[in-house]
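Here the structure comes first, spelled out in structure tokens, and everything after it is commentary.
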Amino acid sequence: MAINLNVNDKEVRLDVEPDTPLLYALRNDLELNGPKFGCGVAQCGTCAVLVDGKSVRSCVVPVAAVVGSKIVTLEGLGSPEAPHPLQTAFIKEQAMQCGYCANGMVMAAAAFLQKNKNPTEEQIRSALSRNLCRCGAHNRIVSAVSEAARSYQEGESS
Amino acid sequence: MTTRRSFLQGTGAIVLYFNMVPASVLAQQAAAGGDLPGSLAANPSLGTWLRIDADGFLTLSPGKCELGQGIQTALAQIAAEELDVAFDRVRVAAVDTASSPNEAYTNGSRSVEVSGAAVRAAAAEVRDILIGLAADELAVDRNKVGVTNGVFTVDGCASQIGYGAVLKDLSLARNATGSASPKSHDSYQVVGQSLQRIDIPRKVFAEPAYIQDIRMDGMLHARVVRTGDREAKLLPPTDFDAVAQLPGVVKIIRDGSFLAVVAEREEQAVKAARALARLCHWDTSALPLQASTINEWLKKAPADVKVVAERGAVGTTDIARTVSANYSRPFQAHASMSPSMSIAHKSGDQLTVWSHTQGAFLMRGAIAKLVGLGEENVRLIIAEAAGCYGHNGADDAAADAALIAMQMPGTPIRLQWSRADEFLGEPYGSAMTTRISAGLDSKGQIVDWQYDLWSGTHSIRPSGAKRAGHLFAARQIARPLPSPPVGNIPQPRGGGDRNAVPLYSFANHRITKHLIPDTPVRVSALRGLGAYMNVFAIESFMDELAHVQGEDPISFRIRYLTDERAIGVLEKLREQMAAAKFDSEVALAGVGIAMARYKNSGAYCAVAMRVVVDSESGQVKLDRALCAADIGLVINPDGAINQIEGGVIQSASWTVKEQVRLGLNGVTSTDWASYPILTFPEVPLVEVALIDQPSQPSLGAGEASQGPTAAAIANAVANATGKRIRDLPLTAARIKNS
């Protein structure tokens with residue numbers, strides 16, 4: 001059946017069942033690469049997207065549940081031409097090894113930094129505690145999120 | 001029709017599909033490589049390694065896979081350096097059996113060593129050839145010609161021409177001669193710089209970067225249905241008609257006990273696979289061991305027993321005192337973030353398989369054997385997935401996809417394992433147990449060292465046709481392939497006995513390996529192989545002995561070392577600890593140190609870990625790690641540090657948390673709740689210092705820190721609590737109850 005979604009500020013019409021996991025609609029129908037399949041049961045965080053500004057696990061959210069919401073994927077967050085501060089910071093800090101978890105880290109951090117503009121390192125660790133990284137890039141990721149928070153603030157004060 | 005649109009849309013520096021000189025031409029030319037360095041000896045044709053395009057870009061085509069370790073960036077730096085091409089004008093091609101050099105597996109921390117050496121020599125030789133062509137073109141003596149950023153110079157002054165002007169005369173379809181001298185490390189400008197990795201921007205901006213991002217027209221989605229036991233037989237009744245009627249289901253594939261479903265959409269394949277699983281009955285055998293009985297099982301199981309190293313004659317010196325201890329590790333999982341997947345496409349008599357395997361050419365042979373095609377009819381193309389850390393489910397998923405695609409010619413099949421498929425299907429790092437017995441003379445000097453280790457194999461890679469039977473599905477199909485003998489990597493590298501020979505000079509030592517060919521759960525290479533366990537055991541025991549003698553653990557170790565570089569990392573660590581005031585001021589805090597040289601031939605690494613132990617719960621808080629490493633010539637310091645940091649954290653996770661859970665009928669770790677790993681609040685801070693050794697050959701950094709980290713944590717816990725825990729993982733319950 002037809003499902004209308006707002007993804008990265010675009011209205012899209014999909015012919016999918018209402019219980020289709022949002023992840024599959026984004027990856028397979030819209031051919032977006034940001035959200036990744038990691039576990040399918042909302043444990044790892046690689047599939048995170050923003051739904052009305054909140055970080056959600058798209059592998060367990062049926063498309064019917066996000067009709068009328070604003071969905072933002074990593075693609076919608078920024079681009080090489082206009083990067084989001086988190087994207088800039090992840091490159092600067094080389095905050096990954098394989099990078100498979102990076103989508104989830106960036107999306108969770110993007111939602112978190114909206115609520116907490118000036119977080120401590122401990123708060124960042126806590127905010128990312130449900131996002132798994134297997135390569136051990138955690139400390140670089142925390143540095144990147146701190147760095148992005150600083151550049152947000154500088155951006156606002158300038 | 002198959003398209004490559006998704007990948008080609010990307011504008012990253014990576015080129016994923018192209019052919020350089022056809023492999024068949026190269027094969028004819030591949031004469032004996034003689035004394036050529038690294039992988040160039042087996043792949044001497046220059047054209048397999050690199051190509052210069054008219055736009056001035058250099059395309060490098062190594063046979064090593066990017067696994068998140070940054071190898072493409074490191075190799076690009078080496079090529080840019082030798083060819084005097086700007087780093088941002090180097091592209092790196094993915095491994096493809098149709099065009100890449102055959103560099104076997106990307107494993108053992110040897111890529112910079114062997115692929116780097118080949119790239120360096122090949123690039124130096126191509127530069128030499130180009131200079132000769134430029135000398136002809138400019139009609140000057142070749143000794144006057146140089147290159148800066150791809151532009152020729154004459155007597156140090158820029159000429160009017162660059163590489164592009166002489167490309168018409170350049171043919172790389174020729175074998176390297178090894179005649180050109182690579183640059184001296186004193187003149188390096190690109191090598192040794194912490195340049196940003198070439199793959200990170202496309203990952204951060206969600207451009208196509210992973211195998212998961214390949215989408216093809218007409219591609220269908222497949223799932224396998226199985227248990228974790230590849231010998232399990234699917235029992236009748238097997239009436240799956242109800243599943244065949246489900247929306248979108250295109251085909252149910254059944255070949256013996258190999259069962260898969262193909263559907264139009266991914267979520268339809270998921271639903272159909274779940275429905276199939278509910279209808280299946282499996283004949284599977286009970287596990288002969290449980291987590292609590294692994295050590296006893298290992299010591300009783302039939303084993304091939306071999307003395308792998310011996311010095312002097314153990315038991316012959318006057319021994320005043322003997323100290324012994326037993327150590328163990330459980331089965332541990334690679335637990336890659338991306339469950340394995342593969343795309344396979346049978347078109348005419350050709351089967352093309354996209355995979356995140358570590359060994360494209362070896363997998364080609366294994367898949368050809370499995371599906372009954374000639375090796376020349378199978379092509380493997382590598383695309384990156386999440387970090388694998390060794391032999392995970394990648395190869396098995398590629399085999400699954402190939403089996404399905406063979407039954408659906410003309411249709412690209414995207415086979416995706418579930419999280420549970422990965423946890424149950426991947427071959428684990430083998431459980432191990434060790435016993436060390438040290439004889440001390442009357443002065444307390446260690447004069448006698450006996451080390452026994454019991455382990456399953458660390459090597460069941462499906463390396464070519466002969467070992468295709470190692471693939472998961474190979475035992476499931478109606479005409480199963482025989483299970484090949486398990487691998488036994490000999491010293492000095494070793495498998496289960498990797499790093500079992502101590503780096504310390506004891507007058508007498510004997511190291512005995514008890515290799516158990518048949519383990520009840522499937523095991524293979526996990527990052528570091530036996531090194532993780534052997535270094536944990538040896539370095540824990542050395543700490544115990546230092547403690548008995550009342551000696552500083554660093555000085556105690558140095559007393560038994562003759563290798564200056566091993567001493568060097570310990571001395572460096574001592575400096576780092578002093579600078580960081582790394583003593584335990586907090587109650588129940590402890591500091592532990594450990595050191596190893598990976599494989600006894602690779603990178604040197606010393607680790608200090610500070611922990612705080614909660615006296616009520618026994619919970620270990622990993623506070624901070626310091627690490628000193630000597631990896632010879634460093635190609636990219638930040639890349640190396642990243643890998644060493646990651647190694648510390650992954651090893652810390654193995655050490656305090658990880659064990660594959662076993663039930664009566666098999667593995668019960670199926671997700672991240674039943675196989676927890678270290679999370680952000682639990683991760684220690686890590687600071688790595690590299691010892692600069694530009695005149696020494698490069699040594700891989702990827703597996704150096706795992707062993708030392710494990711022992712440093714155990715030693716820190718012992719210092720914090722007075723309790724010596726010798727069985728991994730160092731869980732709160734173990735610490736509390738010990």
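All heavy atoms count here, side chains included; hydrogens, waters and symmetry mates do not.
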Next item on the list: Could you tell me which portion of A/Leu32 (side chain, backbone, both or neither) has an atom closer than 4.5 angstrom to a non-hydrogen atom of chain B?
Entry: backbone
Item checked: Test: B/Lys271 and A/Asp19 ion pair at under 4.0 Å -> yes
Note to self: Can you tell me which portion of B/Phe423 sits under 4.5 Å from chain A's heavy atoms? Options are side chain, backbone, both or neither.
What the structure shows: neither
Check: Counting heavy-atom pairs under 4.5 Å to chain B, which of A/Gly38, A/Pro35, A/Gly99, A/Pro21 comes out on top?
Finding: A/Gly38
Check: Does any heavy atom of chain A fall under 4.5 Å from the side chain of B/Pro247, the backbone, both, or neither of them?
Finding: neither
Check: Of the options B/Val648, B/Leu622, B/Ile677, which is the one that meets B/Ser653 in a side-chain contact (heavy atoms from CB on, under 4.5 Å)?
Finding: B/Ile677
Next item on the list: Mind checking side chain to side chain donor-acceptor pair (under 3.5 Å) for B/Gln706 and listing every partner two or more places apart, or none if nothing turns up?
Entry: none
Next item on the list: Kindly write out the residues that satisfy side-chain contact (heavy atoms from CB on, under 4.5 Å) with A/Asp52, not counting sequence neighbours, or none if the list is empty.
Entry: A/Ser69, A/Lys70
Item checked: Heavy-atom contact with chain B under 4.5 Å, split by part of A/Glu17 -> neither
Item checked: Atom group of B/Ile644 that falls short of 4.5 Å from chain A, counting heavy atoms -> neither
Check: Cut-off 3.5 Å, side chains only: do B/Arg215 and A/Asn33 have a donor facing an acceptor?
Finding: yes
Note to self: At a 4.5 Å cut-off on heavy atoms, which part of B/His334 comes close to chain A: side chain, backbone, both, or neither?
What the structure shows: backbone
Next item on the list: Mind listing the closest non-hydrogen atom pair of A/Ala111 and A/Gly53 along with its distance?
Entry: CB-O, 3.5 Å
Next item on the list: Measure B/Trp654 against the heavy atoms of chain A and call it side chain, backbone, both or neither at under 4.5 Å.
Entry: side chain
Next item on the list: With a 4.5 Å cut-off on heavy-atom pairs, point out which of A/Ala102, A/Ser79, A/Ala127, A/Cys101 contacts chain B the most.
Entry: A/Ser79
Check: Where does A/Pro83 contact chain B at under 4.5 Å (heavy atoms): side chain, backbone, both or neither?
Finding: both
Next item on the list: Determine the option with the most heavy-atom pairs under 4.5 angstrom with chain B, choosing from A/Gly136, A/Ala95, A/Cys133, A/Pro80.
Entry: A/Pro80
Notebook entry, point to check: Of the options A/Asp29, A/Leu22, A/Leu5, A/Asn28, which is the one that meets A/Val16 in a side-chain contact (heavy atoms from CB on, under 4.5 Å)?
Noted result: A/Asp29
Next item on the list: Answer yes or no: does atom NZ of B/Lys621 have more than 12 heavy-atom neighbours from other residues, nucleotides or ligands under 6.0 Å?
Entry: yes
Checklist line | Residue A/Arg140 versus chain B: region with a heavy atom under 4.5 Å | finding: side chain
Next item on the list: Determine, for B/Lys203 against B/Glu384, whether the closest basic-nitrogen to carboxylate-oxygen distance falls under 4.0 angstrom.
Entry: yes
Check: Are the charged groups of A/Glu147 and A/Arg150 less than 4.0 angstrom apart, N to O?
Finding: yes
Notebook entry, point to check: Side chain, backbone, both or neither: which part of A/Ser129 has an atom under 4.5 Å from a heavy atom of chain B?
Noted result: both
Check: Of all of A/His138, A/Glu121, A/Arg134, A/Arg125, which one pairs up most often with chain B through heavy atoms under 4.5 Å apart?
Finding: A/Arg134
Notebook entry, point to check: Can you say whether A/Arg130 sits under 4.5 Å from chain B via the side chain, the backbone, both, or neither, judging by heavy atoms?
Noted result: neither
Margin query: Please rank B/Leu678, B/Leu685, B/Ile200 by heavy-atom pairs under 4.5 Å with chain A and give me the top one.
Written below: B/Ile200
Check: What residue in A/Leu74, A/Asn139, A/Leu77 has the most heavy-atom pairs under 4.5 Å with chain B?
Finding: A/Asn139
Margin query: Please identify, among B/Glu682, B/Gln643, B/Glu66, the residue contributing the most non-hydrogen atom pairs under 4.5 Å to chain A.
Written below: B/Gln643
Check: Where do A/Phe112 and A/Gln123 come nearest, in terms of heavy atoms and distance?
Finding: CZ-O, 3.8 Å
Margin query: For the interface with chain B, which of A/Lys36, A/Glu122, A/Gln87 has the highest count of heavy-atom pairs at distances below 4.5 Å?
Written below: A/Gln87
Note to self: For the interface with chain A, which of B/Gly70, B/Ala673, B/Ser418 has the highest count of heavy-atom pairs at distances below 4.5 Å?
What the structure shows: B/Ala673
Notebook entry, point to check: Going by an N to O cut-off under 4.0 Å, is there a salt bridge joining B/Asp623 and B/Arg610?
Noted result: yes
Checklist line | Heavy-atom closest pair, residues A/Ala48 and A/Gly104 | finding: CB-CA, 4.0 Å
Notebook entry, point to check: Taking B/Ala335, B/Ser651, B/Ala652 one by one, which has the highest count of heavy-atom pairs under 4.5 Å against chain A?
Noted result: B/Ala335
